[in-house]
Student: 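One structure coming up, written as structure tokens, with questions to follow.
In this text the structure is predicted, and so the values were computed from the model without any measurement.
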Amino acid sequence: MSVTGIFVLPADVILTPAKEFSKDILEQMECEEGSYAISRPGLRSTAKMIDAATTALLKEFQTPKTIVQAVLNFSITQQCDPEEAIEGAYPLLKNMISARFLVPLGSEESKKIVSTLQPGTMFGNYEVVRVIQVLEDTELYQVQDASGRIAALKMIRPGDHLEMAGSLKREKAVLQHLKGPVFPTLLEAGMYQDREYLFLEWVSGVHAHIAAKEYRKLPFIESRRKLLSLSCNILEAYSCLHQQKVIHGDVHEKNLLVESDGSVKILDYGLARSEILNHLGEPPRGGMGEYLEPEYAKARLENLRPPKASIAGEQYQLAVLLYYLFTGSHYLKFAVEKKEMRRQIAEDHTLPFFVQSAQPWPEVEAVLAKALHKDPSERFSSVAEFLEALKQVAVSEQQDEMPNRLEARTLLLDETLREVLKRAGTDGSLFQTGITSEPTCSLNFGAAGIAYFFYRLACLQNSPALLALADQWASKAAHQAGNPNAFYSAPELIPEKVGLVSPYHTVSGVYCVQALISQAMGDMVSLQHALNDFVQVSLQPCENLDLTLGKSSTLLACSQLLDVLPDNDLIDPQPLLKLGDCTLQSIWAEIDTLPPIQQATELSFSGIAHGWAGILYATMRWCQSANRTFPSSLVDRLEELAGCAEVFGRGVRWKRKLGSRRSDDYTAGWCNGSTGFVFLWTYAYEMLNAEKYLTLAQKAAWNAWEDTERMADLCCGYTGRAYSLLNVYKYTGDKEWVYRARELANRAANVIQTYAFTKDSLYKGEIGVALLAADLSKPEMACMPFFEREKRG
């Protein structure tokens, strides 16, 4: 290492204070107060913990310096002897240079590690859809050919990466040899600008630890069944691999993808070993430290050459993995220091489940203990035998006395409902003061939304008292409807933006809610008055087509009302029918002039609130409610929109704005994302009796479930997402969607106070979360507020 060379800390190096990590991570790291984690996106080396003094020294290199210059500056600021400082800093800086956290100025290593291909780029017969991962030596992309087939492109990065080039050649040969559904299919291989590449079958799934985390949150018996099934599927996959004379050589949770049906695929064969593929030579030993077998750890402790990857060693690694999936923790409390970690692997006994705060499971723990034996000869004779032993474990139908984790976590959700009922009830502070934040009366934000909340509770519980309370809130909204702040609030909620007819944002929504309540109360006179008022205000000019601000919102409201109208001589439905028919005709007169959805720049948004999905949904709703024939091009439009779906995780998603090249133009919310599409596709399935639409709905639901956005509300966040999962449950009968919906509801209750746009809003606040809490008690009757067809108790 030259002390005269100029070094720099690359701009993409990240220094994270240890205090920002969770308590569990801090305990595992055993770091000192004031420590930092240093990492760099794209490096294969893991983050390293450094103390405060080392951090201060490295920060000197945020501007280019020689080592001598940096250490002298450091010694001055730290008030220490320069000679002692440089003597102590030299080995540390040598380590940072070796790890590529500190690099020569102007070198290739100093540049940010970025992908060489961008979305939209053509690579052979494939178009790059998105960048999946970029490491220092490889790049991974999702690509699509002209027929719509999705594939994975794995290629070497520019530069001298001989080891990785050999790894890809090995992977190619191994995949050509392997046969079976647990291995990705090799589609094509070749060279591009002297760089190896592979096209592989795209696998829709999530990493094993993500699936296992979901399963651990399920009700007790269901959780155990799912975890056991996942573990058996993993062992079965590896047994199939070993039967074909291949050892994977790189067992860890991110090399296993779990698909929506629970099946698994093994990924990444760059370290695979096979004695029948002799031309490949012996692969290097690799793998993640926590997963390595005792034979390897002992050899490294004694400075001996590590043993070749073996079936017995891989069995041990699989047991390490399964332990982690069952408990969420590693089988030992690993030290940070590498030598001590290896000693632990070589000598320390496996921790019982209860030490990891996991429910004891003696039968599973006994099977894992045999596979985790320090002596390879004491393990199972094969992974197939390991699998058979695990298959013998039965899940008891008797639940343990330990409280169900899912039930225990609903306390805050239930408290949200109780608090809203207390606050908005006749003796509550909100009822006494009314809503004071603008807009005060709308369905989305104001008193009409609270009226709808009580109306739905009354329907769920057959409660005249709650229905009377709904009527009182509706009256509040109607009496204040003429106030300047009743429906608008600058700068976003103004007539120029939200229009004059939307039931979500104008007085038409107040009349809709009044009509719903009057019908439930059997008050036909009030119902007719409310219908007449709704029709009258909805006749105002509107150029917008979308479902929350435009003509489709009127069409949906007409459907909501027509669905509940009694067959009664006291009610005249003709004005409502005429409004709905004229609105539908007006919408489709414009829609039929537009090009295919993928090319329709005049209407480029895809989702429910402001795009194609909402228009198509409202159209189908009206046609069913009024017994009208679908527009002739509706099915074609559904097919065009379905064709815009992009595979992601276990599901699919849609760009918020079709044709956008932004890599982040996706959301999971009801308004602009996959949640809204769930409702569209289940309804299309119901109306057209086409199974493919139900499949598409479930894939959209997977994306709504898997997304990591932390918004809580009904419109954009957890609450709306939970309603979409309940919608899938109603069409499939699969109770796992109810469990997932409850989990999202719990998250909503936990964060709504922090993330609420306004607390007392149905669509943007706590009211929607409280209604979801009530709907979860009768999931078969649940409905997305003022959107889905209603069901009553």
Side-chain angles (χ1 to χ4, degrees), residues 1-21 26 29-116 133-139 156-165 194-195 284 286 289 303 335-341:
M1 181 175 70
S2 171
V3 293
T4 59
I6 299 177
F7 290 87
V8 66
L9 198 68
D12 55 347
V13 165
I14 300 170
L15 291 165
T16 307
K19 65 182 180 181
E20 294 183 8
F21 294 119
L26 288 176
M29 288 181 169
E30 299 179 358
C31 51
E32 301 173 1
E33 187 174 348
S35 295
Y36 280 72
I38 183 170
S39 59
R40 188 180 181 191
L43 290 189
R44 288 190 176 274
S45 54
T46 56
K48 297 180 182 294
M49 294 304 302
I50 54 177
D51 59 25
T54 302
T55 303
L57 175 57
L58 285 176
K59 284 183 177 180
E60 289 290 333
F61 291 96
Q62 288 177 334
T63 55
K65 292 183 182 69
T66 65
I67 288 174
V68 171
Q69 288 172 328
V71 174
L72 284 175
N73 287 355
F74 172 78
S75 65
I76 292 170
T77 58
Q78 300 292 314
Q79 298 182 342
C80 59
D81 181 79
E83 289 187 10
E84 290 182 3
I86 199 164
E87 184 178 342
Y90 193 81
L92 184 148
L93 294 177
K94 185 177 181 180
N95 181 270
M96 290 292 108
I97 292 170
S98 175
R100 295 180 63 192
F101 292 128
L102 199 59
V103 298
L105 179 65
S107 66
E108 282 295 316
E109 295 175 325
S110 66
K111 299 176 182 177
K112 186 177 180 180
I113 301 172
V114 296
S115 65
T116 56
Q133 184 183 60
V134 179
L135 296 176
E136 58 196 281
D137 49 15
T138 54
E139 301 174 354
I156 304 296
R157 280 182 58 76
D160 186 14
H161 301 297
L162 294 178
E163 185 174 316
M164 185 49 62
D194 298 324
R195 296 153 59 189
N303 293 318
V336 174
E337 199 273 319
K338 188 176 291 185
K339 186 175 181 180
E340 174 58 15
M341 176 189 280

Student: If you compare all heavy atoms of Ala335 against all heavy atoms of Glu340, which two are closest, and at what distance to 0.1 Å?
Tutor: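 In terms of heavy atoms, the two residues are closest at CB-CG, 3.4 Å.
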Student: Work out which heavy atom in Glu60 is nearest to a heavy atom in Ala70; give both atom names and the distance.
Tutor: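 Scanning both residues, the minimum pair turns out to be CG-O, 3.8 Å.
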Student: For residues Met96 and Ile38, determine if any side-chain heavy atom of one lies less than 4.5 Å from a side-chain heavy atom of the other.
Tutor: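 Heavy-atom side-chain distance check passes, below 4.5 Å.
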Student: Check side-chain hydrogen bond (donor to acceptor under 3.5 Å, both in side chains) between Lys111 and all other residues, then give those that pass, not counting sequence neighbours.
Tutor: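 In terms of side-chain hydrogen bond (donor to acceptor under 3.5 Å, both in side chains), with neighbours along the sequence ignored, Lys111 is linked to Glu108.
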Student: Once rounded to the nearest 0.5 Å, what's the spacing between atom CG of Leu92 and atom CG of Leu102?
Tutor: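 The CG atom of Leu102 is 9.5 Å from CG of Leu92, to the nearest 0.5 Å.
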Student: Go through the structure and list residues passing side-chain contact (heavy atoms from CB on, under 4.5 Å) with Thr63, not counting sequence neighbours.
Tutor: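 Counting only residues at least two positions away or on another chain, Thr63 forms a side-chain contact (heavy atoms from CB on, under 4.5 Å) with Lys65.
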Student: Given 3.5 Å as the limit, does a donor-acceptor pair link the side chain of Gln78 with the main chain of Ala53, or not?
Tutor: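 Side chain of Gln78 to backbone of Ala53: no pair is present.
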Student: My understanding is that only residues two or more places apart in sequence, or in another chain, count here; which of them pass side-chain contact (heavy atoms from CB on, under 4.5 Å) with Lys59?
Tutor: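 Checked Lys59 against side-chain contact (heavy atoms from CB on, under 4.5 Å); matches are Leu15, Tyr36, Thr55, Gln62.
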Student: Output all residues satisfying salt bridge (charged side-chain N to carboxylate O under 4.0 Å, His left out) with Arg100, sequence neighbours left out; order by chain, then residue number.
Tutor: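 So Arg100 forms a salt bridge (charged side-chain N to carboxylate O under 4.0 Å, His left out) with Glu109, Glu136.
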Student: Tell me whether the count of non-hydrogen atoms from other residues, nucleotides or ligands lying under 6.0 Å of CD in Glu337 goes above 12.
Tutor: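 It does: Glu337 CD has more than 12 such atoms within range.
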Student: Looking only at heavy atoms, which two atoms of Ile156 and Arg195 are closest? And how far apart?
Tutor: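 So the minimum-distance heavy-atom pair works out to O-NE, 2.7 Å.
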Student: If we only count heavy atoms from C-beta on, is the Ile97 to Phe7 side-chain gap below 4.5 Å?
Tutor: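 A side-chain contact under 4.5 Å exists here.
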Student: Flag the pair Ile113 / Leu135 as yes when at least one side-chain heavy-atom distance between them is below 4.5 Å, and no otherwise.
Tutor: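 No, too far: nothing below the 4.5 Å cut-off.
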Student: Of all residues at least two apart in sequence or in a different chain, which pass the side-chain contact (heavy atoms from CB on, under 4.5 Å) check with Leu105?
Tutor: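 Once residues adjacent in sequence are excluded, the partners of Leu105 under the side-chain contact (heavy atoms from CB on, under 4.5 Å) criterion are Ile6, Val8, Pro64.
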Student: Asp12: what forms a side-chain hydrogen bond (donor to acceptor under 3.5 Å, both in side chains) with it, not counting sequence neighbours?
Tutor: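 Expected list: Arg40.
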Student: If the condition is side-chain hydrogen bond (donor to acceptor under 3.5 Å, both in side chains), which residues does Ser115 pass it with, not counting sequence neighbours?
Tutor: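 Per chain and number, Ser115 pairs via side-chain hydrogen bond (donor to acceptor under 3.5 Å, both in side chains) with Gln118.
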Student: Does Asn95 have any side-chain contact (heavy atoms from CB on, under 4.5 Å) partners at least two apart in sequence or in another chain, and if so, which?
Tutor: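 Scan of Asn95 (side-chain contact (heavy atoms from CB on, under 4.5 Å), adjacent residues dropped) gives Lys48.
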Student: Does the side chain of Leu93 reach to within under 4.5 Å of the side chain of Phe61, using non-hydrogen atoms?
Tutor: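 Answer yes - side chains close enough.
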Student: Would you say Val71 and Ile67 make side-chain contact, with heavy atoms under 4.5 Å?
Tutor: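 Sidechains of Ile67 and Val71: in contact.
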Student: In the structure I gave you, are the side-chain heavy atoms of Val134 and Val114 within less than 4.5 Å of one another anywhere?
Tutor: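 No, their side chains stay 4.5 Å or more apart.
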